[in-house]
Structure formats: structure tokens, C-alpha cells
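Naming: A, B, ... by sequence-line order, numbering from 1 per chain. If you're wondering where the values come from, they're calculated on a predicted model, not measured in any experiment.
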There are 2 protein chains.
Amino acid sequence: MERTESNLNSCLPRIRSSFNDLTKTEQKTATYILENPSEVIHMTITELAEAAKNAEATVFRLCKKLGFSGYQELKIALAGDLYTPLESVYKEVSPSDSIKSMMNKIFFGINEGLQDTLKIVDEEAIEKAIQAITATRRIDVYASGGSAIIASDIEHRFMRFGISVRAYSDPHLQIASATLLQPGDLVIAVSHTGANRDVLDAVTMAKSNHVTTIAITSYIRSPLSQIADIALHGMGREINYRSEAMASRLVHLAIVDVLYIGSLLRQQDKIIENMNKVRKSIAKRKI
Amino acid sequence: MERTESNLNSCLPRIRSSFNDLTKTEQKTATYILENPSEVIHMTITELAEAAKNAEATVFRLCKKLGFSGYQELKIALAGDLYTPLESVYKEVSPSDSIKSMMNKIFFGINEGLQDTLKIVDEEAIEKAIQAITATRRIDVYASGGSAIIASDIEHRFMRFGISVRAYSDPHLQIASATLLQPGDLVIAVSHTGANRDVLDAVTMAKSNHVTTIAITSYIRSPLSQIADIALHGMGREINYRSEAMASRLVHLAIVDVLYIGSLLRQQDKIIENMNKVRKSIAKRKI
DNA sequence: TATATAAATGAAAATATTTTTCAATAATTA
DNA sequence: TAATTATTGAAAAATATTTTCATTTATATA
């Protein structure tokens with residue numbers, strides 16, 4: 001999926017999110033920028049190239065790859081980043097931390113992930129996703145491993161709309177469901193890495209059936225983002241303690257919230273009726 | 001290129017304070033910048049000169065006069081001025097909101113929930129919960145509805161510890177599992193309201209089997225919090241659009257992260273402790 | 001008011017920076 | 001291994017910037 005040029009408002013999160021897709025020399029430059037952002041905003045492309053020990057052309061290609069129109073745009077975005085208070089303090093959790101301190105760091109990391117997501121969000125893609133959701137009668141959700149709970153959440157949430165929503169974490173069921181989909185149906189695929197083979201296969205199958213596909217991943221240039229019709233990214237900077245894609249799943253859930261509320265607002269009348277029904281039934285089970 | 005010592009974070013204020021000292025044409029340019037800052041950061045000096053209807057040299061002189069080393073420095077400073085931090089006023093999401101604005105509000109609401117949780121957190125309870133988790137060999141997790149995904153997440157996460165963890169969202173299975181639990185086992189019950197009858201029944205049954213119980217809810221005085229041995233609360237202030245416990249489930253997941261990382265760190269302690277024991281035993285043998 | 005002086009301005013030249021192109025090299029695939 | 005593709009940097013081309021300088025405009029003074 002291609003990116004729009006309209007929302008280029010942040011540089012560092014973008015670099016982090018795309019880092020693995022960069023070439024070796026590009027990574028050298030990217031690292032230099034990540035480590036010396038406040039120097040870079042005063043440097044010419046020639047100076048940066050020299051500092052990062054490669055050619056101007058490489059720096060320029062990096063700019064393009066990150067979605068900027070050129071070096072100037074990157075610098076402008078970087079300057080904006082530098083006044084983010086969040087950029088500053090990020091620490092690793094250590095065994096000697098108090099409970100309070102540990103919680104502080106974990107919660108702060110989550111919030112950072114949310115903030116970064118806000119910066120790199122492709123509003124147009126969110127808009128398209130919401131439109132796709134409000135237009136469909138059936139949603140199949142594919143995910144596995146840690147992302148399976150995101151899929152369950154999507155199932156649980158959108159079910160209230162009265163749409164048929166089903167989450168599949170089993171690869172065979174994913175393919176089976178994808179095979180049976182028809183134009184007008186919708187697939188949402190969730191994967192932290194965006195490189196899960198089973199999910200990719202299922203999405204490919206769905207696409208061959210002319211089904212609209214939405215991807216939710218943490219990496220902009222992941223294979224899943226590439227093949228999906230609509231790609232959404234949560235920038236989940238991770239707490240560095242044996243992180244198991246921790247913050248990212250919270251960020252992905254937050255994106256689900258956005259899709260949910262967005263869809264709700266788009267088709268209030270139809271849905272609110274259903275939701276009230278559901279809420280009343282549930283209330284009976286409560287003391 | 002020459003370095004500047006100029007303070008970056010002050011282009012617009014600097015223009016305002018120097019405005020009266022500027023010449024007529026300089027003021028024309030200054031006015032244009034004041035009125036279109038977000039355009040200017042993407043313009044070349046030639047474009048700005050044309051837009052403000054005067055020569056490049058004038059624009060350049062303005063830059064110098066304002067204390068910048070050149071046009072680039074002015075733009076960088078301007079980009080810094082322009083950075084708008086996350087909306088601090090929390091409002092309800094409305095259908096007329098843009099995608100960006102909606103996301104801002106939702107993400108901000110989540111962060112507020114996290115911050116509030118930090119404020120009211122019972123560190124002692126967290127500590128006890130972590131101890132209970134690291135001490136047990138079996139965890140059964142009860143939840144239903146929207147909280148079921150929290151339960152799945154707990155299952156998925158703590159499984160990696162090598163403990164037997166099983167999440168039950170089905171009321172019958174919850175009761176069945178609670179009936180079979182034995183002292184030393186652990187129950188974690190998750191419920192947003194803390195008033196789900198089935199979960200309450202299962203927890204009561206578990207307690208009658210002398211099993212330690214941990215509750216994760218959003219309400220301190222909920223029935224579930226009252227009967228559980230250890231009660232954890234996520235303050236999930238909700239986004240006010242027909243919220244179905246939205247932010248709260250993210251906050252609850254964040255609490256799970258805290259328990260997970262906390263347990264991980266404690267186990268590390270335990271390993272070091274064991275190593276010390278071994279070393280001491282060896283020392284004794286040397287007497 | 002006319003004139004001298006200083007300040008302001010823009011056109012164009014001189015620099016500097018940026019993009020683009022392209023050939024060489026490295027990596028990958030068949 | 002050969003063929004193909006991707007990566008890279010040097011250099012050219014295109015743009016952008018700063019500087020210079022002649023001209024214009026304003027200001028002060030006789």
C-alpha cells in the first residue's frame with residue numbers, strides 16, 4: 001500500500017518504524033539521525049552524509065523512503081519532533097525498581113507508543129477502513145499468537161453492530177474462511193510483525209476473491225501492509241525488558257477503538273438500536 | 001554551512017517582538033509568516049518572497065534581523081514553534097470530529113486512564129499479586145464479555161513462565177474449574193464492573209477451596225473486589241461516546257503487563273537467590 | 001525647495017545545497 | 001556459475017541560498 005504525503009509530521013517515529021526496511025547505509029544515516037537529532041536539524045545534506053559516512057544520494061534516498069519529499073522536509077519534521085517532551089526520558093525496567101517506579105515506566109512506554117502512533121497515523125487509511133467497516137455485512141479477522149487477542153477484541157466489539165464478525169487464529173480455518181469469502185466481505189488481519197506467513201496466505205487468498213483487506217501491524221513496510229488494501233500502523237515502541245511485543249498490542253487495541261468509535265459515529269441510528277438490545281441483555285446478568 | 005547560536009524555539013514570538021523595528025517590506029514578509037506559518041515551513045525563500053510580494057534579499061535580511069543565520073534556521077525554528085502537543089482538554093468525541101481529532105481524544109482518554117491508575121494504585125496489592133503468581137503452579141482465569149480478552153492475554157502471557165494457565169469465559173467451565181482447584185492454586189478474575197454474577201460465583205467457589213484469588217476490576221467497591229483476596233483496580237475513565245468499557249480494558253491490560261514484568265523480575269531474583277544458596281552450601285562443605 | 005546623505009529595495013551574480021543520473025559494485029536468484 | 005536485481009557513490013544538473021551592487025525611496029539640512 002502506498003502512503004499519502006499529507007501527514008508527514010514526524011520524523012523519529014517514522015525512522016524507528018521503518019528501520020528494518022532500510023538498507024545498510026541507509027541505516028547508518030538513520031542511526032545518526034536517531035542519535036543526533038538536534039545536530040541534524042542544523043546540518044546540510046552534505047554534512048549529514050559526511051557525518052554518517054556515506055553519499056548525499058543515500059541520505060536523499062532515505063528521506064524519500066521515509067515518505068518525505070526531500071531533505072528539507074525531513075529536517076522540518078525533525079524540528080517538530082524535538083519539541084516533543086516525550087522524546088526525552090525512556091528507561092528500562094530493572095529488578096531494583098519499586099512497584100511504583102516499574103508501573104511508571106511501563107505506563108509511560110505505553111503512552112509513548114500511543115503518541116508515536118498519533119504522529120505517524122495515516123488518517124486517510126483510517127477513514128477508508130471505517131468506510132469499509134460500515135459498508136460490509138461480514139468481517140473475518142485473522143491473527144495469531146499475541147495478536148489473537150486483538151482479533152478477539154475486534155470480534156467482540158463489532159459483533160454489537162449486528163455484523164457477522166468472526167476471528168480466526170487457526171491457520172487452517174483462516175485459509176478455509178478466506179476461500180469462502182465473497183466480494184463485499186471484509187478481512188482484517190492483525191500481526192505485530194506483519195510477516196506471519198499463515199496470515200499473509202489467508203489475506204492473499206481473500207484478495208484473490210476480491211475482498212477488501214485491512215492490515216494492522218507495527219511496521220509500515222511489512223509484507224502484510226504491502227499487500228493489504230488498507231494498512232494501519234501502531235508504532236509500539238517496546239519496554240526493553242524481554243519485551244514480548246507488549247506495548248504494541250495496546251496500541252493496536254487503541255486503533256481498534258478508533259475504528260469502532262469511527263464506525264459508530266458514521267452509522268449511529270442503525271447500530272445504537274442493536275447496541276441497546278445487547279446492553280439490556282447483559283445488564284440482566286449483573287447484580 | 002555556518003552554525004548558529006540562535007535559540008530555536010522562538011520564531012513567531014521573535015517576529016512579534018521585533019515587528020516594529022522591521023522595514024515596510026520586511027513587515028510584509030513577517031506578516032505573511034505570522035499568518036501562514038504552517039505553509040512557510042514548506043516554502044523556499046523564493047516562494048516566500050513571491051508570496052509576500054518582495055525580493056528574496058528582503059526575506060533573507062529579515063531572517064538575519066531576527067537573529068537567525070539564514071532562511072533555513074528560521075524555518076527550523078518555525079517548525080519547532082508549530083509543534084502542538086497532544087490536546088490537553090479532554091472532550092467527548094463527536095460525529096463532526098476529524099479522524100485526527102477523534103484519535104487525539106481517544107488516545108488521550110486512554111492515557112488519562114493510565115495516569116489515574118498510577119495515582120490510585122495499591123502498590124501493596126500489586127506486590128502481593130506478583131508474589132502469588134510467582135509462587136503458584138496453576139492459574140485459572142475467569143472473565144466474560146469484554147474482559148475475556150484480558151483473560152486470554154493473561155493466558156498467553158503467563159504460559160511462557162511454564163505455569164499451567166487457563167482462561168475460562170464460559171460460566172459452566174468457570175464453576176467446573178473452580179470446583180476442582182486446590183490450595184496453592186491461583187485464580188485471577190477480571191471484570192470491568194466487578195459485578196458479573198457468574199464470575200462472582202466461580203470466585204466464591206474457589207475461595208471455599210482455600211484458593212488465593214486476585215480481582216482486576218474498574219471499581220474499588222465492586223462485589224468482586226470485596227470478596228477477592230487481592231483487589232487490583234484500573235481507573236478507566238471512559239470516552240463518553242456510548243462507551244462499552246473501552247479505555248478500561250486497555251488499563252487492565254497494562255496492569256497485566258505490570259504483573260507479568262513484575263513476576264519476571266521476581267523470578268530473576270529467585271534464580272539469583274537459588275544460586276546464592278547453592279554457593280553457600282558449597283562453602284559449608286569446605287569447612 | 002533643492003541637495004546631500006542614509007536607508008531600503010530588488011535584480012542579478014556568486015555560492016551553496018539539493019536532487020537526479022548513471023555507472024560501478026554488491027547481493028540475490030535461477 | 002551466470003544472470004538479474006538492488007545498492008551505492010561520484011558527478012552532473014537543477015534549485016535554493018546568500019551576496020553584491022545599482023537604483024530607488026526616504027530623511028535631514030541649508
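- Rounded to an integer number of Å, the gap from CD of B:Q27 to P of C:dA8 is 11 Å.
- With a cutoff of under 4.0 Å to any heavy atom of chain A, the contacted region of DNA chain D is bounded 5' to 3' by D:dT7 to D:dA10.
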Could you list the protein-to-nucleotides 19-21 of chain C atom pairs, N/O on both sides, closer than 3.5 Å?
residue	atom	partner	partner atom	Å
C:dT19	OP2	A:Y71	N	3.0

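- In this structure, B:I33 and B:T29 have side chains that are in contact, with non-hydrogen atoms separated by less than 4.5 Å.
- Applying the salt bridge (charged side-chain N to carboxylate O under 4.0 Å, His left out) test to residues at least two apart or on different chains, the pairs with a partner in residues 23-33 of chain B are B:E26-B:K65.
- Taking for each of B:T44 and A:K24 the nucleotide of DNA chain D with the nearest heavy atom, the 5'-most of the two is the partner of A:K24.
- At least one side-chain heavy atom of A:Y142 sits under 4.5 Å from a side-chain heavy atom of A:S177.
- Applying the salt bridge (charged side-chain N to carboxylate O under 4.0 Å, His left out) definition to pairs two or more places apart or across chains, those involving residues 189-211 of chain A are A:R197-A:D201, A:K207-A:D229.
- Judged by distance alone, the side chain of B:E73 and the main-chain N or O of B:F68 form no donor-acceptor pair under 3.5 Å.
- The shortest distance between side-chain heavy atoms of A:L78 and A:V40 falls below 4.5 Å.
- Applying the 4.0 Å criterion to OP1 and OP2 of C:dT9, one finds that B:T25 has a side-chain N or O inside that range.
- Across all strands shown, B:T46 has heavy atoms under 4.0 Å from base atoms, whether or not it also approaches the sugar-phosphate.
- Every residue two or more places apart in sequence or in another chain was checked for a side chain to side chain donor-acceptor pair (under 3.5 Å) with A:Q27, and none qualifies.
- Residues passing the ring-ring contact (aromatic ring centres under 6.0 Å, His included) test with A:Y168, sequence neighbours excluded: none.
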